[in-house]
There are 2 protein chains.
Amino acid sequence: MAILEQEERNEYLCVHEDTVRKVLKEMPPEEDLYDLAELFKVFGDSTRIKILYALFAAELCVGDIAQLLGMSQTAVSHQLRVLRTNKLVKGRKEGKIVFYSLSDDHVRTIIDQGMEHVDE
Amino acid sequence: MAILEQEERNEYLCVHEDTVRKVLKEMPPEEDLYDLAELFKVFGDSTRIKILYALFAAELCVGDIAQLLGMSQTAVSHQLRVLRTNKLVKGRKEGKIVFYSLSDDHVRTIIDQGMEHVDE
DNA sequence: GTATCATATGAATAGATGTTCAAATGATTG
DNA sequence: CAATCATTTGAACATCTATTCATATGATAC
């Protein structure tokens, strides 16, 4: 009885074992996949995308971005922190003002590639 | 007094108006930026990234993927729905089994580009 | 028809995430 | 030094999201 109940609860999966084994060999390490997802997560917010697009055009301070997006300065600052932590933007301090710009061209390439897909 | 209080509450933003105007002109339409963020959001989950990577290697049914990732069949099915809705994967029905594969090569390009950034 | 298997769906729940508010830092000016 | 400005930080709150559980659909086999 107990065994039958256990079997009832069991999930019978349709599995093609050979294929699964083959695919498993070709999978990158867990950590890389996790990091990749984390990277895309950063791009997966419209506020951050807007900030990055704005920085395509010019170096901007926090206030500029807030004005541009019609958002509070704090909200922008929080998002800039996310972008900074993930090395997508960098800040240059000039007196009290911090001017932000893109870290490298990789950022632009990734976004452009995504935009191509969206444009279809 | 009332006016002063209002001013106290006011957020004084540091804004370079000329720059902001220039950048504003070069910004893509709101909707495109929103769609782009939505696209990246789909890539921004490690389960979905793993599924996509698995589909790089072979056409797989739901059970295969569940086994491969060590996840429940339902969890995988829910994520496949997200990927299907966003046209990143497509399903081919053969009897009771649904075989999933990538919709197009764009998916691979975007992920590869992201992985390059992570690998640094 | 019923039974079984593969997948899908809906509701519920727990955890993550973005914005706001209040307060703190850091730099300039008088 | 105090006052002001630009930015940052932390906590609170509301919303979103991924997984689980239970159930439903859809297809094959008996």
Side-chain angles (χ1 to χ4, degrees), chain A residues 4-5 7-17 19-20 33-34 37-51 59-86 89-100, chain B residues 4 7-16 19-20 34 37-38 40-51 59-86 89-100:
Chain A
L4 271 171
E5 275 173 24
E7 278 186 349
E8 276 168 38
R9 290 173 171 287
N10 224 337
E11 259 188 41
Y12 291 100
L13 285 179
C14 160
V15 178
H16 305 81
E17 294 193 18
T19 315
V20 170
L33 294 168
Y34 186 80
E38 288 305 302
L39 176 68
F40 283 126
K41 206 171 284 179
V42 179
F43 290 100
D45 174 83
S46 59
T47 298
R48 288 193 291 265
I49 284 283
K50 285 177 195 169
I51 293 176
E59 190 184 55
L60 297 168
C61 74
V62 183
D64 292 341
I65 299 172
Q67 167 96 345
L68 197 71
L69 307 188
M71 293 181 61
S72 74
Q73 181 268 325
T74 16
V76 171
S77 183
H78 276 297
Q79 296 304 342
L80 281 169
R81 196 163 88 84
V82 175
L83 293 169
R84 243 187 301 124
T85 304
N86 287 276
V89 307
K90 58 176 194 285
R92 174 180 68 83
K93 208 162 194 172
E94 194 170 290
K96 320 176 222 180
I97 303 177
V98 180
F99 288 98
Y100 279 95
Chain B
L4 272 172
E7 278 186 349
E8 275 168 37
R9 290 173 168 286
N10 223 338
E11 259 188 41
Y12 291 99
L13 286 179
C14 161
V15 178
H16 305 81
T19 315
V20 170
Y34 185 82
E38 289 304 303
F40 283 125
K41 208 171 281 179
V42 179
F43 290 100
D45 174 84
S46 60
T47 298
R48 288 192 292 265
I49 284 283
K50 286 177 195 169
I51 294 177
E59 190 183 57
L60 297 168
C61 74
V62 182
D64 293 341
I65 299 172
Q67 167 95 344
L68 198 71
L69 307 189
M71 294 183 60
S72 72
Q73 178 269 321
T74 19
V76 170
S77 184
H78 276 297
Q79 294 305 341
L80 281 169
R81 196 164 86 85
V82 176
L83 293 169
R84 244 186 302 124
T85 305
N86 288 275
V89 307
K90 57 178 194 285
R92 175 180 68 83
K93 208 162 193 173
E94 194 169 292
K96 321 175 219 179
I97 303 178
V98 180
F99 287 98
Y100 280 93

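Just so you know, these numbers come straight off a predicted model, no measurement behind them. Hydrogens, waters and symmetry mates are skipped; everything else that's a heavy atom, side chains included, is used. Every chain is numbered from 1, with letters handed out A, B, ... down the list of sequences.
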Could you tell me how far apart Tyr34(A) (OH) and dA16(C) (C1') are, to the nearest whole angstrom?
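So the OH-C1' distance, Tyr34(A) to dA16(C), works out to 10 Å.
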Checking side-chain contact (heavy atoms from CB on, under 4.5 Å) between Tyr100(A) and each of Glu59(A), Arg84(A), Arg92(A), which is the one that passes?
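The residue from Glu59(A), Arg84(A), Arg92(A) that satisfies side-chain contact (heavy atoms from CB on, under 4.5 Å) with Tyr100(A) turns out to be Arg84(A).
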Which part of the nucleic acid, if any, lies within contact of Tyr100(B), taking any heavy atom under 4.0 Å across all strands shown: a base, the sugar-phosphate backbone alone, or nothing?
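Result for Tyr100(B) = sugar-phosphate.
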Round to a whole Å and report the spacing from CG of Leu69(A) to P of dT19(C).
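Rounding to the nearest Å, CG of Leu69(A) and P of dT19(C) are 10 Å apart.
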Atom-to-atom span, NZ of Lys50(A) to P of dG18(C) - whole angstrom:
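It is 14 Å, rounded to the nearest whole Å.
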First encountered from the 5' end of DNA chain C, between Gly95(A) and Leu80(B)
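Nearest nucleotide further toward 5': that of Leu80(B).
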What's the separation between atom CZ in Phe99(A) and atom CG in Asp64(A), rounded to the nearest 0.5 Å?
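Separation between the atoms: 7.0 Å.
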If I take atom OH in residue Tyr12(A) and atom C1' in nucleotide dA3(C), what distance separates them, rounded to the nearest angstrom?
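Checked: the OH to C1' distance equals 13 Å.
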In Å and rounded to the nearest 0.5 Å, what is the CD1 to OG1 distance from Ile65(B) to Thr19(A)?
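Ile65(B) atom CD1 to Thr19(A) atom OG1 measures 11.5 Å (nearest 0.5 Å).
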Consider the side chain of Gln73(A), meaning its heavy atoms from C-beta on, and name the nucleotide among dT7(C), dC5(C), dT7(D) that approaches it most closely.
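So the side chain of Gln73(A) is nearest to dT7(D).
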If a protein heavy atom is under 4.0 Å from the base, mark B; if only from the sugar-phosphate, S; if neither, -; do that for nucleotides 14-20 of chain D going 5' to 3'.
---SSBB
Whole Å only: how far is the NZ atom of Lys90(B) from the C1' atom of dT7(C)?
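Taking NZ of Lys90(B) and C1' of dT7(C), I get 19 Å after rounding.
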Roughly, in whole Å, what's the span from CD1 in Ile97(A) to P in dT8(D)?
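So the two atoms are 12 Å apart, to the nearest Å.
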So, taking the atom named CD1 in Ile49(B) and the one named CG in Leu39(A), what distance separates them when rounded to the nearest 0.5 Å?
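These two atoms lie 9.0 Å from each other.
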Counting heavy atoms not belonging to Arg81(A), are there more than 12 under 6.0 Å from its CZ?
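Open: at most 12 neighbouring heavy atoms sit under 6.0 Å from CZ of Arg81(A).
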Between dT7(C), dA6(D), dT8(D), which one does the side chain of Lys96(A) approach most closely?
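So the nucleotide nearest the side chain must be dA6(D).
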Does the Arg48(A) side chain pair with the main chain of Lys41(A), one donor and one acceptor, at a distance under 3.5 Å?
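Yes, Arg48(A) side chain to Lys41(A) backbone: donor-acceptor pair under 3.5 Å.
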Length of the line joining Ile65(A):CD1 and dT8(D):C1', which is rounded to integer Å:
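Distance check: Ile65(A) CD1 to dT8(D) C1' gives 14 Å.
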